[in-house]
*Asks:* 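Quick one: this structure, given as structure tokens, is what I'll be asking you about.
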Amino acid sequence: MRIPQAMAGSAVFFIAAPCVVAGLVPWLLTDRYRLTLSTVPGFVPAGSILIFAAIALLVHSFARFALEGLGTPAPALAGVTSTSQGHV
């Protein structure tokens, strides 16, 4: 798989899998969109820092997978060489 195709596949899978399954669905299921974020001082900034750190790590891992592994983490779009070492 070529790098532009791998990057496109990784971008689509990044939106489809972690962002929807781990973010949007639980948020909608728990009705948290109607409530205030927190009444405890410091929880919102601390939570925001943790969320941004997790997003940075996730973006980094997806980028490395596409650039070094020449593949995408999406099971349906995985190429022949789907790991960074070139082994299946």
*Asks:* Could you list the residues that satisfy side chain to side chain contact (heavy atoms under 4.5 Å, CB included) with I49, not counting sequence neighbours?
*Replies:*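 I49: no side chain to side chain contact (heavy atoms under 4.5 Å, CB included) contacts found.
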*Asks:* Report the residue from L57, V59, L58 that forms a side-chain contact (heavy atoms from CB on, under 4.5 Å) with S61.
*Replies:*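 The side-chain contact (heavy atoms from CB on, under 4.5 Å) with S61 is passed solely by L58 among L57, V59, L58.
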*Asks:* Looking at every heavy atom in both V20 and P26, which two are closest together, and how far apart are they?
*Replies:*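 Answer, listing the atom of V20 first, then P26: O-CD, 4.3 Å.
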*Asks:* Using the test side chain to side chain contact (heavy atoms under 4.5 Å, CB included), find all partners of S48 that sit at least two apart in sequence or belong to another chain.
*Replies:*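 With neighbours one apart ignored, the set is V44, F52.
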*Asks:* Test L28 against every option in L24, T30, V25 by the side-chain contact (heavy atoms from CB on, under 4.5 Å) rule and name the one that passes.
*Replies:*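 Between L28 and the candidates, side-chain contact (heavy atoms from CB on, under 4.5 Å) is satisfied uniquely by L24.
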